[in-house]
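First the structure, in the form of structure tokens, and then the observations on it.
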Amino acid sequence: MFQNELLKWYENKARKLSFREKKDAYSIWISEIMAQQTRIEAMLKYYNRFIEQLPDMKALASCPDEKLNKLWQGLGYYSRAKNLKKCAIICMEKYDGKLPETKEELMKLPGIGPYTAGAIASIAYDQRVSAVDGNVIRVFSRLYGMEEEIDSRTKKNIEKLVQDSLPEKEFISDYNQALMELGALICIPKNPRCISCPVKENCVAYRKGIQGNLPVLKKKKERKVEEKQFYIYVYKNKIHLKKRENKGLLANLYGFDEERVPCVKEIELKEHTHIFSHIQWNMKGTMLFVEQKTDHFYSIDEIEEKYAIPSAFVPFYTQVKQIIERELV
DNA sequence: AAATCGGGGGG
DNA sequence: CCCCCAGATTT
């Protein structure tokens, strides 16, 4: 068995992460949602600011959507923030402002799937459940030498293997985290650092020398390429932002217009490419100096305080801001 | 089962 | 450039 070796390794080598300092379901929940499909180092600053601004369930449940989006700006997968608030409202109404304690109840809440439910239940409440993320799939597929392609069935197999491997109750939280930490630091996707691995003696893939080929993942289809032209209307020192529709890509965030309007002068901005998971935008931007201001023109200060602009638009925003600031000197 | 939904860091 | 990340939800 490898559990003891893994736990010992975790105790000595685990990263010190701010969101592991409190055993508090609310903050653990926030950190787990934020960490979905996101590297830990990338979400740490967002997490600290979020907890500072919205320290408890009540504060989150009553947080205006605009403020929530601003706190999430640049993190991606913005429906996570929307679901957080939805979930907080449900918890205020049905669970006395707390998160439920079982994996099963947690999974009924918006934005909480099998992994996150398992993580909250085991880490915050010491429940005897697995928390299988991408790291754990990689670690277990190697430990057990699973050469089949990972699909919903093989993932269920792994969840069962993890469930059956759980140590005694007081170590379950650390064990689940240790599996992920091993995946993040040692059992990495390419060129795993097996020399430093505390459980290599138990690893089928290592013994067979095929650890670099596992897990076998489905190949994803190639990205669709879209040509996009955006127009940035400017009047004096104010910029026009267009709120995006409330569904689909970058829902409810602020971007620029895609229709040209009459103007007294225009400047072509530097082009750039923005890559999403499934789409590539080849972006052209034109700054249009308009003669009169209509609705939704905002100053730089206003934009940076209140309006959430996703990363795809930031290069244009930065250029426009510089041009405006130059003209005002 | 496949598509959608962001963004960035590392090799 | 490619890979994939402490995934969930919708189609």
Side-chain angles (χ1 to χ4, degrees), chain A residues 10 14-15 17 19-20 28-47 69 72-84 86-87 106-124 130-139 149-156 159 162 173-185 187-193 212 215 217-224 244-253 255 272-281 308-315:
Chain A
Y10 182 68
R15 294 168 289 183
L17 302 174
F19 57 83
R20 290 294 178 256
I28 289 169
W29 167 50
I30 302 299
S31 71
E32 292 300 342
I33 299 293
M34 240 177 217
Q36 287 169 2
Q37 294 294 285
T38 305
R39 289 171 197 284
I40 296 301
E41 310 80 58
M43 51 73 75
L44 280 177
K45 286 187 176 168
Y46 284 87
Y47 169 78
N69 284 338
W72 213 265
Q73 171 183 349
L75 250 193
Y77 289 153
Y78 297 92
S79 66
R80 291 183 291 174
K82 189 175 179 178
N83 283 333
L84 271 181
K86 239 198 231 176
C87 187
L106 285 161
M107 278 184 59
K108 295 177 184 168
L109 294 167
I112 300 183
Y115 163 72
T116 306
I120 297 170
S122 64
I123 298 171
S130 66
V132 176
D133 73 333
N135 289 304
V136 180
I137 287 176
R138 189 168 56 254
V139 169
E149 184 176 271
I150 304 297
D151 57 14
S152 59
R153 193 189 94 258
T154 49
K155 191 186 166 196
K156 277 188 172 56
E159 282 173 347
V162 175
S173 167
D174 280 350
Y175 178 71
N176 279 338
Q177 295 180 72
L179 286 175
M180 295 189 272
E181 194 75 347
L182 189 74
L185 300 183
C187 197
I188 55 181
K190 290 182 177 172
N191 306 110
R193 299 160 179 154
L217 301 174
K218 296 188 195 182
K219 59 171 182 291
K220 30 231 160 213
K221 66 160 200 174
E222 58 181 317
R223 269 186 292 268
K224 188 198 310 175
R244 298 176 59 79
E245 52 183 317
N246 64 7
K247 54 181 162 58
L249 192 60
L250 307 174
N252 293 323
L253 275 72
H272 66 277
T273 296
H274 188 84
I275 312 271
F276 301 98
S277 346
H278 56 303
I279 302 174
Q280 169 175 328
W281 278 2
I309 299 176
S311 299
F313 296 107
V314 169

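What you see is a predicted model, and the numbers here were worked out from it, not measured in a lab. Below, chains carry the letters A, B, ... as their sequence lines are ordered, and counting in each starts from 1.
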Q) Any ion pair linking Arg15(A) and Glu41(A) (charged N to carboxylate O, less than 4.0 Å)? A) yes
(Q) Tell me whether Glu149(A) is salt-bridged to Lys155(A), with the criterion being a basic N under 4.0 Å from an acidic carboxylate O. (A)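 Here Glu149(A) does not pair with Lys155(A) in a salt bridge, since their nearest N and O are not under 4.0 Å apart.
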For the pair made of [atom1] in [X] and [atom2] in [N], what is the distance, rounded to whole Å?
X	N	atom1	atom2	answer
Glu149(A)	dA1(B)	CD	C1'	11 Å
Lys220(A)	dA1(B)	NZ	C1'	16 Å
Tyr115(A)	dT9(C)	OH	C1'	18 Å

(Q) Walk along nucleotides 6-11 of chain B from 5' to 3' and tag each nucleotide B, S or - by protein heavy-atom contact under 4.0 Å, base first, then sugar-phosphate. (A) BBBB-S
Does OP1 or OP2 of [N] have a side-chain N or O of [X] closer than 4.0 Å?
X	N	value
Thr116(A)	dA8(C)	yes
Lys221(A)	dT4(B)	yes
Arg138(A)	dC4(C)	no

Categorize [X] for me: base, sugar-phosphate, or nothing, with a 4.0 angstrom heavy-atom threshold over every strand shown.
X	answer
Ile137(A)	nothing
Arg223(A)	nothing
Ser152(A)	sugar-phosphate

Q. Can you check whether Tyr115(A) reaches Val136(A) side chain to side chain, under 4.5 Å on heavy atoms?
A.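 SC-SC contact between Tyr115(A) and Val136(A) ruled out.
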Q: Look through every strand shown and name the nucleotide pairing with dG6(B) as Watson-Crick or G-U wobble, where both distances are under 3.5 Å.
A: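 In the structure as shown, dG6(B) has no Watson-Crick or wobble partner.
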Q: Apply side-chain contact (heavy atoms from CB on, under 4.5 Å) to the pair Ile33(A) and Arg80(A), showing each step before the final yes or no.
A: CA-CA 7 Å; Ile33(A) 299 293; Arg80(A) 291 183 291 174; 3.8 Å; yes
**Q.** First of Asp151(A) and Lys247(A) reached from the 5' end of DNA chain B, by closest nucleotide
**A.**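 Checking each residue's closest nucleotide, the 5'-ward one belongs to Asp151(A).
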Q.
Taking the six-membered ring for Trp, are His278(A) and Phe276(A) closer than 6.0 Å centroid to centroid?
A.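 Judged by ring-centre distance (under 6.0 Å), His278(A) and Phe276(A) do not meet the cut-off.
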Q) Considering only heavy atoms and no angle criterion, is a donor-acceptor pair shorter than 3.5 Å present between the side chain of Arg20(A) and the base of dA6(C)? A) yes
